[in-house]
Amino acid sequence: MIDLQKELNPMQAKAASTIDGPVLILAGAGSGKTRTIVYRMAHLIESGINPWNIMALTFTNKAAKEMKTRVEAMLPGEASSIWVSTFHSTCLRIMFRFAESLGYTSSFEIADASDQKSIMKDVYKRLEIDPKMYPMKRIQNAISSAKDELKDEEDYAAENRDDFGKEVYIEVYREYQKTLRKNNSMDFDDLIMNTVRLFRENKEALEYYQERFKYIMVDEYQDTNTAQFEMIRLLAGKYRNLCVVGDDDQSIYRFRGANIYNILDFEKEYKDALVIKLEENYRSTGRILDAANAVIAHNTERKNKKLWTAHPEGSLIKFRQLDSAISEASFIADDIKTKVGTGGYNYGDCAILIRTNVQSKELEDAFRVRGIDYDLVKGLRFWDTKVIKDLSSYLLTVADGLNDMRTLRVINVPKRGIGASSVEKAVVFGAVNDISLLEIAGDAMRVPGMPSKAANAMKTFYDMIMSIRADMKGKKLSEILDEIIEKTAYMDYLVGETETKEKYAEAVEYIDKLRETLDIYEEDTDEPDLVDFMRQNGVEGNALDKTGESDEKDKVLIMTMHNAKGLEFPCVYISGAEDGLFPSYMSLNSDDEMAVEEERRLCYVAITRAEKELMITAARQRMINGETRYSNVSRFIREIPIGLMDMNVTAAPAAPKDKPDYNNREIAARAFSAPPSALSPGFKKRTLQEPPKELNYGEGDRVLHFKFGTGTVKSIVSGGRDFEVTVEFDSGETKKMFAGFAKLKKV
DNA sequence: TACTGGATTATTTTT
DNA sequence: TAATCCAGTA
């Protein structure tokens, strides 16, 4: 029997031992959240609950895997039938059973980011929409948000019926869904939305899963969107044994649809909920936590919580403001080098957290020059790699060829003389006559206006696919892959595609990995099937574990703050702590105050990654988007009490010209100012701290915004250092913006 | 059909 | 700055 009281602290034990009814665990950073969940699951099983009836939902496959392994380690043999899985793979499995009742075939596929993009391009072309007027990303986001809110294309159309500016959005959404349907595909958002639809429309299906999952746990609950919330609500609707775990202060994915009110209002939905706060932190020193607490206290929309620790105070948080991004990077690299040389740390103990990916360049240079091993944790994942996309598209085309998106991707890769215009003719012909692109390729001469050269090339392509397909019987999947590579001369093509030897070697490595993944899948699966394989990996696939590799190799890690969530490091560097970068000027410019609060939560996440040492750096001057920008120290850093900081500034700061109020503390004012140093000749050109003294437009004037188009100025408020201009754009949107940023032109 | 150069544009991204 | 996209050309 597991002794919860002995293994856990009183709050954790209470959380783990409460079996029935709704439970909200507010788990602060580093408070032993995973431990608590794992013990709770083990406890459920020990209490006699059938593991088969227990479900835990996570967001990442990594988290799911970790949780499962740990429970299994505690109760060997008993825990194997618990369902621990991500939202998306859970929905995928449910959809696999019920896809037909929703009008898909059971061999439906997953449209990933690149598929979505190509569908969007196609839709824009068909509807003759100008991407300049309607940036693709914006409509894509709108569609995704709509799905996150459980609005299908008709709900969306109805809701925006009177909104003239949304007409195009409605059309694109409709056409986008139509294309997905035509390709028998769901995007990630569809997986969730369709599951909810299934639960709502099909009583039997819902009841089946309600009976199956009598005990439900949800990890990272603050990141759930409305669709996921509803899915959980329906599933838990019968037994109400729902335990959600999360931290409202770590909600940083609003831009992806996460709805922080799911966690903030949990007790409204579940009035009898038991709420438990885990506030003891086992990760960081006292000062680091004090800083984190001080920063996050500036947010209004949050649960009252305060991290504390039994750990010692630790060293002061160090802050340095450097003249440029380059000297900032050098400073960090030097500091790490000294730390490793003298302080008993390894390179692998150090992580640099950045707000945006572009910040990595200077850091990489600095490390390379010094010969320090580093690893950039990048967003690009295995299944998004070009090589893997190409080859998996080939595999699917060979497997069934029903998905035009896949065929489209490979029909001219490597180049075989089939041009874009010929492909387009074929696709249009296919759409009209309801034939797949692959089938057309077999006899392209029937397409009106098809040049015979292209038709011949298509025929060659078709014959090749067909011969591989005919040859499939009795072959291993990886052998089919090899045949594709051979028949397409893909390796030769790769040589031309990759600029460097290293890039080529990397691509080869990826292909080997794909081969290996295919073999593993084939071994573990009763009825191996390529469509099933691709679908699984579309949702679960993240085969290249970059972080795992670098752990062994003792490398400094560079990553975005978002990527750092859930991780911890002895030494953390927060780089680029500047207003306009962090918080981003997007959020500063936003008409929604919640935007800056979200960035502040990101700051809280970043700070709480640190165990022992925290260094924060800022640059006075930085190249952003090809232009030099001058910035003040981030407001978030100014929210950290001076007493916690060591601000032994390297460059002697001049007196600030217009003093921002840093709580009247002189040292702070000096350390934080961003004096226009002598090395900034272009200072007058464009600045954050030198906005236009007066505007050449006034209230009622017509103005042009580089992004939003033309509009009418509603009001101008002088906000001290800049003017806050409210403009009603012709699209119907009203935006508040700072004149210094918006660069409005009078028309 | 394939390539090149000029214009354009710009957070964060567990699935 | 750097990546991406399209138009015009070979």
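What you see below is based on every heavy atom in this structure, not just the backbone, and it leaves out hydrogens, waters and symmetry mates. So you know, we letter chains A, B, ... as the sequences are listed, proteins then strands, and number each from 1.
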With no hydrogens and no angle check, just 3.5 Å: does a side-chain donor-acceptor pair link A:E598 and A:S587?
no
Just to verify, which of A:E362, A:E328, A:E627 counts as forming a salt bridge (Lys or Arg N to Asp or Glu O under 4.0 Å) with A:R622?
A:E328
Contact boundaries on DNA chain C for chain A, cut-off under 4.0 Å to non-hydrogen atoms:
C:dT1 to C:dC5
For DNA chain C, which residues in residues 109-125 of chain A have a heavy atom at a distance below 4.0 Å?
A:K117, A:K121
Separation of atom NE2 in A:H562 from atom P in B:dT15, rounded to whole Å
14 Å
Take atom P in C:dT4 and the same atom in B:dT13, then report the distance between them in whole Å.
16 Å
Closest to the side chain of A:N412, out of B:dA2, B:dT14, B:dT1, is B:dA2
Would you compute the distance between atom OH of A:Y510 and atom CZ of A:F382 and round it to the nearest 0.5 angstrom?
8.0 Å
A:M586 CE to B:dA10 P: how many Å, rounded?
7 Å
Side-chain N or O of A:N357 closer than 4.0 Å to phosphate OP1/OP2 of B:dT12:
yes
Nucleic acid contacts - residues 450-460 of chain A versus DNA chain B, non-hydrogen atoms under 4.0 Å:
A:A454
Quickly work out the A:F255 CZ to B:dT11 C1' distance and round it to whole Å.
8 Å
With centres under 5.5 Å and planes under 30°, do A:F59 and B:dT15 count as stacked?
no
Counting only side-chain nitrogens and oxygens, does A:N61 get under 4.0 Å of the OP1 or OP2 atom of B:dT14?
no
For A:K151, the side chain to side chain donor-acceptor pair (under 3.5 Å) test, sequence neighbours excluded, returns A:E159
Over how many whole Å does the gap from A:K147 atom NZ to B:dT15 atom P extend?
19 Å
OP1 or OP2 of B:dT13 versus the side-chain N and O atoms of A:T560: is any pair under 4.0 Å?
yes
Looking at A:D148, A:N262, A:D219, which one forms a side chain to side chain donor-acceptor pair (under 3.5 Å) with A:T224?
A:N262
Between C1' on B:dT11 and CG on A:N141, what's the gap in Å once rounded to a whole number?
12 Å
For the pair made of CZ in A:F188 and C1' in B:dT15, what is the distance, rounded to whole Å?
5 Å
Quiz item: A:R355 side-chain donor-acceptor pair to B:dT12 base, under 3.5 Å
yes
Record whether the side chain of A:R256 comes under 3.5 Å of the base of B:dT12 through a donor-acceptor pair of N or O atoms.
no
So A:N299 and A:D249, do their side chains get closer than 4.5 Å, heavy atoms only?
no
Respond yes when some side-chain nitrogen or oxygen of A:S421 is under 4.0 Å from OP1 or OP2 of B:dT1, and no when none is.
yes
Using atom CD of A:Q536 as one end and atom C1' of B:dT15 as the other, report the distance to the nearest whole Å.
14 Å
With a 6.0 Å cut-off (strictly less than), is the heavy-atom count around CD of A:E301, excluding the residue itself, greater than 12?
yes
Would one find more than 12 heavy atoms of other residues, nucleotides or ligands at under 6.0 Å from atom NZ of A:K386?
yes
Report yes if a side-chain nitrogen or oxygen of A:T86 is closer than 4.0 Å to either non-bridging phosphate oxygen (OP1 or OP2) of B:dT14; otherwise report no.
no
Tell me the interatomic distance from A:D223, atom CG, to B:dT15, atom P, rounded to whole angstroms.
12 Å
Using ring pair (Phe, Tyr, Trp, His ring centres under 6.0 Å), reason through A:H562 and A:F255 one step at a time and then give a plain yes or no.
CA-CA 12 Å; A:H562 284 88; A:F255 66 94; 5.6 Å; yes
Set of residues satisfying side chain to side chain donor-acceptor pair (under 3.5 Å) with respect to A:E364, sequence neighbours excluded
A:S360, A:Y374
With sequence neighbours left out, what residues match A:Y490 under ring pair (Phe, Tyr, Trp, His ring centres under 6.0 Å)?
A:Y493
